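Report on the following structure.
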Protein chains: 2
Amino acid sequence: MKRDTRQAIIDAGGDLVHRQGFHRTGLKEILDAAGVPKGSFYFYFRSKEDFGLALIEHCAQGFAALADQYLDAPLDGPLARLAGFFVMLRERLAARGYERGCPLGNLAQEISDLSPPMRQAVSHAMRGMAGRLARVLAQSRDAGEIPADLDPDATAAFMLEAWEGALLRMKAEKSGEPLRRFEDFVLHRLLR
Amino acid sequence: MKRDTRQAIIDAGGDLVHRQGFHRTGLKEILDAAGVPKGSFYFYFRSKEDFGLALIEHCAQGFAALADQYLDAPLDGPLARLAGFFVMLRERLAARGYERGCPLGNLAQEISDLSPPMRQAVSHAMRGMAGRLARVLAQSRDAGEIPADLDPDATAAFMLEAWEGALLRMKAEKSGEPLRRFEDFVLHRLLR
DNA sequence: CCACTACTAGACCGGTCGTCTACAAATGTC
DNA sequence: GACATTTGTAGACGACCGGTCTAGTAGTGG
């Protein structure tokens with residue numbers, strides 16, 4: 001199995017789905033963008049849903065790598081790394097004109113009620129994201145940087161949710177204001 | 001112009017779009033559900049996008065009516081009314097099996113980057129929602145119930161965003177946990 | 001009885017996902 | 001080196017659905 005053809009489909013599809021949504025994006029469009037003929041698709045994937053599952057896995061890995069790079073860096077304190085992570089995300093989103101938002105969040109919204117397997121995959125990916133945040137929060141609490149009565153897991157979950165909501169509003173307003181507000185309320189108030 | 005035929009299309013369409021998404025839902029499906037013939041659609045709406053705009057307006061009005069009913073009730077203090085509002089929403093969402101989520105939030109996610117007019121309509125509707133929350137927060141602050149240094153407008157915006165994020169995660173996890181977490185962190189911690 | 005608006009019917013063309021058959025290239029086996 | 005088998009490519013095809021539009025019918029007011 002030529003891994004790179006399959007990967008080309010996922011890369012091109014990931015980009016298109018991120019911009020247009022899963023249902024709005026047709027197989028033909030993805031395959032044209034990837035330079036792969038229609039017939040090959042069903043050699044690599046059983047169905048569009050099967051492709052979606054691979055896409056979710058791809059997004060999850062991409063995010064995990066990025067998060068690990070920023071959150072596990074051996075610099076500064078844990079809280080500073082956390083703040084730096086969100087600032088970096090905000091700058092990336094600004095560079096894109098506040099479009100697209102979170103690939104996983106978009107998919108979650110679009111397919112949660114329509115495809116149980118994809119919903120489960122997204123849910124699993126989100127738990128992974130929350131887990132990474134929780135680890136840093138635990139370090140931060142142990143370092144005495146944040147209130148000791150904040151449960152790292154619950155706080156991480158809340159952060160993830162508030163962040164996804166901020167991204168949603170960002171898309172709707174085409175403004176970075178919600179992201180700055182997130183940092184202000186969550187990082188500077190909640191964790192103060 | 002038979003207003004009720006138009007309204008029937010909006011009602012049936014609102015329900016379907018809420019469940020399946022805007023792009024996933026076809027005109028035929030909506031019109032069949034409304035018992036209106038296909039050909040009539042373009043008498044009442046210029047395009048699917050035009051229909052979408054009407055739908056957003058419809059959602060916004062529905063939400064505004066509900067919010068006013070709970071938030072402007074002359075009972076209890078403003079903070080208690082706010083809490084009651086979110087509890088009511090949580091119970092409604094639980095009764096639906098944590099599906100669908102927020103009609104406006106879903107649309108925001110789906111069409112913000114694809115239809116500027118619809119994005120603007122959603123943005124306007126969301127500002128209306130945030131404004132209602134801000135009003136109650138201002139009352140609450142004046143009553144000394146919440147910290148005086150909380151800006152009602154920014155806090156309301158943050159609440160709205162955190163709530164939308166909680167709804168997103170709720171859909172993905174098919175669980176009310178994110179909603180309770182929202183109440184816990186926002187109502188009990190942030191506004192404490 | 002006519003003019004006009006309000007509304008409907010269904011054709012239209014392009015696109016959708018998914019299947020299928022035919023073919024090429026690579027790999028393994030003797 | 002010859003052949004069989006796997007691995008991958010190619011794209012036509014079917015059945016259906018998408019949004020849109022034109023031609024037409026019903027209904028109303030004068």
Side-chain angles (χ1 to χ4, degrees), chain A residues 1-56 58 106-107 110-111 113-119 121, chain B residues 1-58 106-107 110-119 121:
Chain A
M1 159 124 46
K2 262 169 63 184
R3 218 64 199 170
D4 49 346
T5 297
R6 187 186 147 96
Q7 196 56 47
I9 297 174
I10 291 179
D11 288 341
D15 192 58
L16 284 164
V17 168
H18 191 194
R19 289 209 306 256
Q20 306 184 331
F22 188 73
H23 290 124
R24 185 67 194 276
T25 305
L27 257 21
K28 180 171 163 24
E29 199 178 358
I30 295 172
L31 294 163
D32 284 353
V36 172
K38 176 80 180 287
S40 296
F41 181 85
Y42 284 86
F43 176 74
Y44 294 102
F45 304 98
R46 264 191 301 282
S47 63
K48 196 187 184 188
E49 186 180 55
D50 186 41
F51 163 72
L53 291 172
L55 203 59
I56 293 167
H58 174 70
N106 296 0
L107 278 169
E110 205 178 344
I111 50 74
D113 292 350
L114 299 170
S115 162
M118 286 179 74
R119 182 194 71 73
Chain B
M1 157 126 43
K2 263 168 62 185
R3 215 66 198 170
D4 49 347
T5 296
R6 187 184 147 95
Q7 196 55 48
I9 297 174
I10 291 179
D11 288 342
D15 192 58
L16 284 164
V17 168
H18 191 194
R19 290 209 307 256
Q20 306 184 330
F22 188 72
H23 290 122
R24 184 68 193 274
T25 305
L27 259 21
K28 178 173 163 27
E29 199 178 357
I30 295 172
L31 293 163
D32 284 351
V36 172
K38 176 94 177 277
S40 296
F41 182 84
Y42 283 84
F43 175 74
Y44 295 102
F45 304 98
R46 262 192 304 280
S47 63
K48 197 188 183 188
E49 185 180 56
D50 186 41
F51 163 72
L53 291 171
L55 202 59
I56 292 166
E57 192 51 42
H58 174 69
N106 296 0
L107 278 169
E110 205 177 345
I111 50 74
S112 282
D113 291 350
L114 300 170
S115 162
M118 285 178 74
R119 182 194 70 73

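Not measured: the values here are computed from a predicted model. Chain A is the first sequence line, chain B the second, and so forth, proteins listed ahead of strands; every chain is numbered from 1.
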Checking contacts here: which listed nucleotide ([options]) is nearest the side-chain heavy atoms of [X]?
{"X": "A:Phe43", "options": "C:dG18, D:dT9, C:dA9", "result": "D:dT9"}
{"X": "A:Lys38", "options": "C:dA6, C:dG10, C:dT19", "result": "C:dT19"}
{"X": "A:Leu27", "options": "D:dT20, C:dT8, C:dG18", "result": "C:dG18"}

Polar side chain donor-acceptor pair, A:Glu110 to A:Asn106, under 3.5 angstrom:
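Side-chain D/A pair, A:Glu110 to A:Asn106: absent.
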Considering only heavy atoms from C-beta outward, does the side chain of [X] approach that of [Y] to under 4.5 Å?
{"X": "A:Leu107", "Y": "A:Val17", "value": "yes"}
{"X": "A:Ile9", "Y": "A:Phe45", "value": "yes"}
{"X": "A:Ile111", "Y": "A:His23", "value": "yes"}

How many Å lie between [atom1] on [X] and [atom2] on [N], as a whole number?
{"X": "A:Asp50", "N": "C:dG18", "atom1": "CG", "atom2": "C1'", "result": "13 Å"}
{"X": "A:Tyr44", "N": "D:dT6", "atom1": "OH", "atom2": "C1'", "result": "13 Å"}
{"X": "B:Arg6", "N": "C:dT8", "atom1": "CZ", "atom2": "C1'", "result": "18 Å"}
{"X": "B:Phe41", "N": "D:dT22", "atom1": "CZ", "atom2": "P", "result": "17 Å"}
{"X": "A:Asp32", "N": "D:dG11", "atom1": "CG", "atom2": "P", "result": "11 Å"}

So, is [X] near the phosphate of [N], with a side-chain N or O under 4.0 Å from OP1 or OP2?
{"X": "A:Tyr42", "N": "D:dT9", "value": "no"}
{"X": "B:Ser40", "N": "C:dC7", "value": "no"}
{"X": "A:Thr5", "N": "D:dT9", "value": "yes"}
{"X": "B:Lys48", "N": "D:dG19", "value": "yes"}

Base, sugar-phosphate alone, or nothing: which one does A:Gly39 contact when heavy atoms must sit under 4.0 Å apart?
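Base, at least one base heavy atom under 4.0 Å.
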